[in-house]
Amino acid sequence: MREMYKNMGICDEVYDYCDNIIKSLHDRFEEIDKNAEYNQMKVIKAMQDNKVAEMHLSGTTGYGYNDDGRDTLEKIYSDIFKTEDALVRPQIICGTHALNVALSSNLRPGDELLSPVGKPYDTMDEIIGIRPSKGSLAEYGITYAQVDLLPDGGFDYEGIKNAINERTKLVTIQRSKGYASRPTLSVERIGELISFIKDIKPDVICMVDNCYGEFVERIEPSEVGADMIVGSLIKNPGGGLAPCGGYIAGKKECVEQAAYRLSSPGLGKEVGATLGVNQSFYQGLFLSPVVVAGALKGAIFAANVYEKAGFVVRPDGSEPRYDIIQAVELGSADGLLAFCKGIQAAAPVDSFVTPEPWPMPGYDSDVIMAAGAFVQGSSIELSADGPLKEPYSVFFQGGLTWYHAKLGIMMSVQKMFEKDLIKL
Ligand SMILES: *Cc1c(COP(=O)(O)O)cnc(C)c1O
């Protein structure tokens, strides 16, 4: 094994350092494997109950009428997430698009949207109109209110109670911390928050941005009261095989609204050709629990590797996990660059490419990104990025197999070690 890693460019010091850390993670990895097993059964059961057959794996063209593969997959998502209905479509471009469809279809002029967990993911700014943008909810007369988390990460129940008014129609709760520094919410905590909100206003729609959270735990937010959960298929539930797509699962009424918005009033869920993607949607969902487990192991391994070397890591090496994202404060631009070069060098695709920092729209500093993915921008595949500013944090996630995630992290350590940026 050591020779194999040496062939990949990993020296003895890095190999031994990482090997020792892996030995200490045995129990945690076992727990992750148990969750994957549990979720794998959930997925297989749903596929069996819905009598998935070979014909479901092919697709339709044109209008996409009577696409049994598509309709059955949506039933499977509903079963897994324990919802009344689901919209799972290649026409949903990404997570941002899914969130936009869910919000803009279920809100009407005069309504108010509330985020009780602080500022949502960056790409939501322009959907909501936090930053003025063409076509935002704000342009349609939908207002926005926000209640930040308390300094200790707790919910500001008093503030939330005060913020809920007769116009509050929809509450958006982001499960993952995304690229913020707050902790990720467990499904249990999301349930507590939803109960509190529904006690005050029972008819409010509670939506959860479920990106990066699917199959990390044994239950999903839709099992603790969420009316709608929303996510991307080039993250967890696509299992790395879905080439595009997103989902909205939840109450029949909410999903129906979303379908009429995604296609057209009058058309709804009845149309939408799947072309050739059904097979990868099914197979990706089937693999997803195990893929997510590999990504989680990678995140925990990285947290421990960098924590023991003296870096600040979020979550820390021993905290429970509620999403697949790991942040490491590398403390210097050189560290951030070396880390990303390591991730890139370990990729199956574009391993020979050197990532460079670059100005990006919406960011006030250059950003460096590393990814060598089979699907463009897929972040269930091993990927890392970070803005070139204090504290030079890298955010990384994914890995279609645990061994690839492991190599990526070892390679990041190797690049840092070669530049004398890490002490082992
Ligand atoms: C990734 C992500 C999004 C947006 O998804 P895209 O597919 O990148 O558009 C929204 N919210 C959260 C929490 C995310 O992680």
Side-chain angles (χ1 to χ4, degrees), residues 87-104 113 115-128 130-131 133 135-137 146 149 170-187 189-190 207-217 220-221 226 228-240 242-249 258 262 281 284 288 292 295-296 299 314-315 321-327 360-363 367 369 371 373 375-386 393-398:
L87 191 63
V88 185
R89 302 286 168 130
Q91 286 84 7
I92 299 177
I93 295 163
C94 57
T96 303
H97 185 205
L99 289 160
N100 182 50
V101 169
L103 290 173
S104 58
L113 168 69
S115 171
V117 295
K119 202 183 97 50
Y121 197 73
D122 280 356
T123 58
M124 295 275 281
D125 285 8
E126 285 169 281
I127 295 178
I128 296 169
I130 296 174
R131 275 184 286 145
S133 172
S136 68
L137 296 173
Q146 177 177 311
L149 295 172
L170 198 153
V171 172
T172 179
I173 300 165
Q174 188 177 304
R175 177 171 175 182
S176 169
K177 66 183 171 303
Y179 299 144
S181 55
R182 66 141 165 111
T184 287
L185 302 176
S186 67
V187 172
R189 285 193 70 207
I190 290 173
M207 179 189 91
V208 174
D209 174 351
N210 210 23
C211 281
Y212 288 132
E214 299 91 349
F215 299 130
V216 171
E217 297 181 63
E220 300 290 337
M228 238 191 323
I229 59 173
V230 179
S232 165
L233 298 198
I234 61 170
K235 293 180 180 171
N236 304 15
C244 62
Y247 75 87
I248 298 168
L262 178 67
F281 279 16
S288 175
V292 169
L296 277 171
R314 266 177 279 118
R321 299 278 157 163
Y322 306 119
D323 68 10
I324 63 168
I325 300 180
Q326 181 64 47
M360 295 266 300
Y363 289 88
V367 177
M369 297 190 166
V375 170
Q376 186 193 96
S378 166
S379 47
I380 186 61
E381 299 189 52
L382 191 63
S383 47
D385 43 81
S393 287
V394 73
F395 296 88
F396 83 97
Q397 63 274 317

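Numbering of ligands and ligand atoms starts at 1, following listing order.
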K.L.:
In the structure I gave you, are the side-chain heavy atoms of Arg175 and Glu220 within less than 4.5 Å of one another anywhere?
P.N.:
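Yes - at least one pair of side-chain heavy atoms lies under 4.5 Å apart.
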
K.L.:
Should Tyr121 be counted as touching ligand 1, given the test is an N or O pair under 3.5 Å?
P.N.:
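No: no nitrogen or oxygen of Tyr121 is under 3.5 Å from one in ligand 1.
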
K.L.:
Quick one: look up the protein heavy atom nearest atom 7 (O) of ligand 1 and list residue, atom name and how far away it is.
P.N.:
Gly95 N, 2.8 Å

K.L.:
Quick one: do the Gln397 and Ser383 side chains pair a donor with an acceptor below 3.5 Å?
P.N.:
yes

K.L.:
Could you give me the CA-CA distance, side-chain angles and deciding distance for Tyr121 and Thr96, then say whether side chain to side chain donor-acceptor pair (under 3.5 Å) is met?
P.N.:
CA-CA 9 Å; Tyr121 197 73; Thr96 303; over 6 Å; no

K.L.:
Compare every heavy atom of Ser288 with every heavy atom of Pro237, then report the nearest pair and how far apart it is.
P.N.:
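That closest heavy-atom pairing would be CA-OG, 3.5 Å.
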
K.L.:
Working to the nearest 0.5 Å, report the span between CD1 of Ile173 and CD1 of Ile190.
P.N.:
6.5 Å

K.L.:
Check if Ile93 has a non-hydrogen atom at a distance under 4.0 Å from any atom of ligand 1.
P.N.:
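Ile93 does not count as a contact of ligand 1 under the 4.0 Å cut-off.
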
K.L.:
Numbering the atoms of ligand 1 from 1, which are under 4.0 Å from a heavy atom of Gln174?
P.N.:
13 (C)

K.L.:
Answer yes or no: is there a donor N or O on one side and an acceptor on the other, between the side chain of Glu217 and the main chain of Val187, under 3.5 Å?
P.N.:
yes

K.L.:
Does ligand 1 have a heavy atom under 4.0 Å from the side chain of Ile234, from its backbone, from both, or from neither?
P.N.:
neither

K.L.:
Counting non-hydrogen protein atoms only, what is the nearest one to atom 9 (O) of ligand 1? Give residue, atom name and distance.
P.N.:
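Atom 9 (O) of ligand 1 sits closest to the protein heavy atom Thr96 OG1, 2.5 Å.
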
K.L.:
May I ask you to identify the nearest protein heavy atom to atom 8 (O) of ligand 1, giving residue, atom name and distance to one decimal place in Å?
P.N.:
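Going atom by atom, the protein heavy atom closest to atom 8 (O) of ligand 1 ends up being Lys235 NZ, 4.1 Å.
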
K.L.:
Compute the minimum heavy-atom distance from Lys177 to ligand 1 and say whether it is under 4.0 Å.
P.N.:
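The answer is no, since Lys177 has no heavy atom less than 4.0 Å from ligand 1.
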
K.L.:
With atoms numbered from 1 as shown, which atoms in ligand 1 lie under 4.0 angstrom from a non-hydrogen atom of Tyr212?
P.N.:
15 (O)

K.L.:
Heavy atom under 4.0 Å from ligand 1: found in Arg175's side chain, backbone, both, or neither?
P.N.:
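None of Arg175 does.
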
K.L.:
Using a 4.0 Å heavy-atom cut-off, say whether Asp209 meets ligand 1 through its side chain, its backbone, both or neither.
P.N.:
side chain

K.L.:
Would you mind running through ligand 1 and noting each atom that sits below 4.0 Å from a heavy atom of Leu99?
P.N.:
10 (C)

